[in-house]
**Student:** 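Provided herewith is a single structure, encoded as structure tokens, for subsequent inquiry.
Note that the structure is a prediction, hence the values are computed from the model and not measured. Proteins get letters first, then strands, A, B, ... in listed order; numbering begins at 1 in each.
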Amino acid sequence: MSYLLKRLAFYLLTAWAAVTINFFVPRMIPGDPVQALITKQRGQMTSEAVRSLYVLFGLDKNESLASQYFSYLGQLLRGDLGMSFTFFPSPVSDVISDGLPWTVGLVGITTVIGFLLGTAAGAVVGWRRGTWADSLIPVTTFVSSIPYFWLGLVAIAVLTGPGSFFPASGAYEIGLVPNWDWQFIGSTVQHGLLPGFTILVSSVSGWILSMRNMMVTVSSDDYVTVAHAKGLPERRVMLAYAARNALLPNVSGFALALGFIVGGTLLVEIVFSYPGLGLQLFQAVGAKDYPLLQGIFLVITLSVLLANLLADVAYLALDPRTRREA
Amino acid sequence: MKDRILEVRGLDVDYGLGPDAVRAVRDVDLTLHRGEVLGLAGESGSGKSTLAYGMTRLLPPPGVVAGGEVIYHLDDGTTVDLLRMRDADLRRLRWAEIAIVFQGAINSLNPVQRISAQLMDVLKAHSAGSTPQSRQDRARELLSLVGIASDRLHSYPHQLSGGMRQRVMIAMALALEPRVVIMDEPTTALDVVVQRQILRTLVGLRERLGFSVVFITHDLSLLAEFSDRIAIMYAGQVVEEAVSADLYRTPLHPYSDGLLRSFPALKGPRRELSGIPGSPPDLRMMPSGCAFHPRCPRALDVCDEQVPVLGQSRDNRSVACWLHPVAVS
Amino acid sequence: MRTNAKALTGVIMLVVFVLLAVIGPWIAPFDPSMRSNALLQPPSSMHWFGTTHLGQDIFSQVLAGTRSVVFVGAVAGVVATVLSVLVGITAGYLSGTASEGLSALSNVFLVIPALPLIIIITSSLPETSNLTIALVIGLTSWAWNARVLRAQTLSLRRRDYVEAARANGESTWRIILFEILPNLYAVIASGFVGTVLFAVISEITLAFIGVSDAGGWNWGTVLYWAQSQQALAQGAWWWFVPAGLAIALLGTSLSLVNFGIDEYVNPRLRTRFSMRGVRMRVGFTPVLAKETS
């Protein structure tokens, strides 16, 4: 278990680094715009809310940097991310907890499916090297060079419109109240299909390419030749010997790439007006809603860290060499 | 003369295709008899491993078999050509008739599967009727054959020492009681003590089970002790072939002599360790005449002009060298 | 030959883009910001890619926007590559706490989601220009290559000739510059190309959500206006298709170049698996049909 403990320590370090970045970045903002926004809404804000924004943005010049840092940490630990300007008077934490489930649902599910599909396809393409399967490579290269959000724009232009099954925006039909009845779930699935499909198409090609390259590399390893020499059925050589080993670097690659992928997928939400963190991020940038911006960054980072931890657990289960027998 | 079991005729193996192809094995003839240990020796790059993998069609890309025949004699007296079998037939023949112990057991075992799974999948693939229990019993039996406690059955490769991994590979090779076992430098990566232990195990097993062995190594003195006949390869060709005692006592080809002087003798006459000066030729730019002549201490004028052919010399030994001209028949 | 053809296609496409970046703004038929009365026109001989809701020429916008895209890609690529070489080789060559520390630092930067980080930094800057955007992207995206370079350096350091040089008492700088660095050129080049691709997509994404060089054009700003003016709802496909294709083409050319480098670095990828009608297979070496002789 020392492996997991080590990873855990690393994620704590990373979380601390993200929090610290989040402390310093707002201090680059020229004070006036934030001050102005606070002044504008001062009448409607409690003194407590004003105080917490002061802590977030270091507006209190009388405090030393160190004491600013500690009051900032203390405030974060209480879950106080300040007041959102755009969604006034909601605190940032409320705004984010509205958006987070949608993002986790859409981005989380499609990323995992994309990885699984791409890995499976890449295993086949890499194994069938020298056949028609090779011609997939230029296509996937082209597709993986397209930004996710642009593909979303094309999907909307081509597949939505009057009378189409696919809605062009939103996460569920306007007028429905979020709850766990079939009508709502059905509507959610219907709205999630097109953005989900967009993310899937964009992300799957990257996994095909990387798994294919791993298969090609692993296929000339000795144990694969041994498996052929043993006269094993082709399927078994491909799955239990080649693909099983090629999967390992692909899983660790998945963990490392999560930070990149999440950035791209968030943009799909903007295109589809999907009410997740990506759309909120877009609104926050447009309105210079710094508290919300900071909060979203923090929450996204922590989610990615958590996903990384899960990927580590998967890796642990897949690679016996990282398991330490007691 | 004993029964033949495996005959290689005129085998050519290339790396790559077309005009850029490197001819790594050229026109090699070899015969393996039942119950015999045939040693295949040469420096690295001499083509001995390429020959072994080429004739079993296990050579990875860009290797291609460019010509020749590999005749295998089945127990029922019929023969098959390994180079002209359908994939499914070749798969069935592999391991059941010809098994291989690869160089470097660290890379030969699948790192993410237990030893048990790797021993049992081959049993399952070749005997459809077997039960999981019978396969597991057989796997235990195989491990004890090579001196490994059966509680290691469910270990992963990384939990075993280098010597144990090589023993597992040997156990695996014997799983289907093959008639031929090809061993490619089976002990190279191991320390001397472990080497001796494993070779002793191998000798014992061979006497009990009676399989034939093609033993590939660059260590000629090891072969002299362990094999019945030895073929020496240089630059993709067999340059000398003899009963091992003869070759050890009086090597005819200067290259064989040089090889013998490259390793300390395990027993028998002490030789001055001088090695061979220079290095094997680039297969893309072979020297004219005898491929060995630029490095040969006893080269004649004819050596850089004409290629010597392998044939029976006057003293009834097979050698390709102008010092020992082919007997006129 | 086919390998080279792939990489060559990529290089040629890339040269065209760089050329357009240099001359694009000059050869653009219109001022990209100039309004006209031809509002939201589909492509025509006058406006090859059509016009915007303000009558701006989209062809000119895409053409003029190439410069910003190539500039940001190149600057960010150079900055990130220099950082990754410094951090990666140092971490790989040194040992102990310094190495562990640098490696942890690159892993931290790797795991923190890059795009959100870039977004909060750029939107907090007092002003955004192509240069500041390029610098922010460069400063935040060196970690992947640093990691790769560290691993490569670690394995190179154990090679005989490096050990020998060390035993001879050669200075660390000499060893790094003359023994290690030359072996890493391909890896560094591949990292550079990868970072350029990432930087281009990041810049365009930033512009798409409204963070861009004030007053300047790039492909992302074209898409930003298309999105915010409901180009989709109005059926104005010409507004967003050209910029997107330009991104995809530039991306493809960079990927093709990287394919060439990958195959150069990893010989297993280079082996041709089918030629002259013979398919190479692992486990079943092809046997050539006997030629009539």
**Student:** Going by the rule side chain to side chain contact (heavy atoms under 4.5 Å, CB included), which residues pair with A/Ile296 if we only count those two or more places apart in sequence or in a different chain?
**Tutor:** A/Ile96, A/Leu277, A/Gln280, A/Leu281, A/Leu292, A/Ile300

**Student:** Counting only N and O atoms by type, is there a donor-acceptor contact under 3.5 Å from the side chain of C/Arg279 to the main-chain atoms of A/Arg129?
**Tutor:** yes

**Student:** Please state whether the side chain, the backbone, both or neither of A/Asp221 comes within less than 4.5 Å of a heavy atom of chain C.
**Tutor:**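 Both parts, backbone and side chain.
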
**Student:** Restricting to non-hydrogen atoms, name the atom on A/Phe142 and the atom on C/Leu245 that form the minimum distance, rounded to 0.1 Å.
**Tutor:**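 For A/Phe142 and C/Leu245, the tightest heavy-atom pair comes out as CZ-CD2, 4.4 Å.
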
**Student:** Of all of A/Ala15, A/Gly286, A/Ser220, which one pairs up most often with chain C through heavy atoms under 4.5 Å apart?
**Tutor:**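 Answer, by heavy-atom pair count under 4.5 Å with chain C: A/Ser220.
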
**Student:** Could you tell me the separation between the CG atom of A/Leu293 and the CD1 atom of C/Ile120, rounded to the nearest 0.5 Å?
**Tutor:**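 Atom-to-atom, A/Leu293:CG and C/Ile120:CD1 are 6.5 Å apart.
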
**Student:** Should A/Leu266 and C/Pro116 count as side-chain neighbours, where that means a heavy-atom distance under 4.5 Å?
**Tutor:**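 They are in side-chain contact.
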
**Student:** Looking at C/Leu115 and A/Gly264, what are the two nearest heavy atoms and their distance?
**Tutor:** CD2-N, 4.3 Å

**Student:** How long is the span from the NZ atom in A/Lys288 to the OG atom in C/Ser124, to the nearest 0.5 Å?
**Tutor:** 8.5 Å

**Student:** Locate the shortest heavy-atom distance separating A/Leu209 from C/Phe259; write the atom from each residue and the value.
**Tutor:**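 Scanning both residues completely, I find the closest heavy atoms to be CD2-CZ, 4.0 Å.
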
**Student:** Under 4.5 Å from any heavy atom of chain A, what part of C/Leu110 do you find: side chain, backbone, both or neither?
**Tutor:**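 Both parts, heavy atoms under 4.5 Å.
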
**Student:** To the nearest 0.5 angstrom, please state how far the CG atom of C/Asn107 sits from the CZ atom of A/Arg7.
**Tutor:** 6.5 Å

**Student:** Quick check on A/Val237 against chain C: is it the side chain, the backbone, both or neither that has a heavy atom closer than 4.5 Å?
**Tutor:** neither

**Student:** Please flag which part of C/Leu117 lies under 4.5 Å from any non-hydrogen atom of chain A: side chain, backbone, both or neither.
**Tutor:** both

**Student:** How about residues 218-227 of chain C versus chain A: which residues have heavy atoms under 4.5 Å apart?
**Tutor:**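 Expected list: C/Leu223, C/Gln227.
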
**Student:** On a heavy-atom basis, which atom in C/Phe208 and which in A/Phe282 lie closest, and how many Å separate them?
**Tutor:** O-CE1, 4.1 Å

**Student:** Would you mind telling me which of C/Gly210, C/Ser123, C/Ser202 has the largest number of heavy-atom pairs within less than 4.5 Å of chain A?
**Tutor:**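 With the most close heavy-atom pairs to chain A, the winner is C/Ser123.
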
**Student:** Which donor-acceptor pairs under 3.5 Å do the side chains of residues 150-157 of chain A make with protein atoms, sequence neighbours left out?
**Tutor:**
{"from": "A/Trp150", "atom 1": "NE1", "to": "C/Phe240", "atom 2": "O", "distance (Å)": "2.6"}

**Student:** Identify which one of C/Ile121, C/Ile119, C/Ile112 satisfies the side chain to side chain contact (heavy atoms under 4.5 Å, CB included) criterion when paired with A/Phe297.
**Tutor:** C/Ile112

**Student:** Given that the side chain runs from C-beta out, which part of C/Phe284 has a heavy atom under 4.5 Å from chain A: side chain, backbone, both or neither?
**Tutor:**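 It is the side chain, since no backbone atom gets that close.
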
**Student:** Kindly give the heavy-atom pair with the smallest separation between A/Ser219 and C/Val282, and that separation in Å.
**Tutor:**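 It is O-CG1, 3.2 Å.
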
**Student:** Do any of residues 133-148 of chain C come closer than 4.5 Å to chain A, heavy atom to heavy atom, and if so which ones, in number order?
**Tutor:** C/Trp144, C/Arg147

**Student:** When only pairs under 4.5 Å are counted, which of C/Val111, C/Thr122, C/Ile201 shares the most heavy-atom pairs with chain A?
**Tutor:**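 Ranked by heavy-atom pairs under 4.5 Å with chain A, first place is C/Val111.
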
**Student:** Can you tell which of A/Leu267, A/Leu256, A/Val304, A/Asn22 has the highest number of heavy-atom pairs within less than 4.5 Å of chain C?
**Tutor:** A/Leu256

**Student:** Please report the interatomic distance OG(A/Ser145) to CG(C/Leu256), rounded to the nearest 0.5 Å.
**Tutor:**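 Between atom OG of A/Ser145 and atom CG of C/Leu256 there are 8.0 Å.
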
**Student:** Under a 4.5 Å cutoff for heavy-atom pairs, which residue among A/Ile146, A/Asn308, A/Asn213, A/Leu305 has the most contacts with chain C?
**Tutor:** A/Asn213

**Student:** Flag the pair A/Val285 / C/Val211 as yes when at least one side-chain heavy-atom distance between them is below 4.5 Å, and no otherwise.
**Tutor:** yes

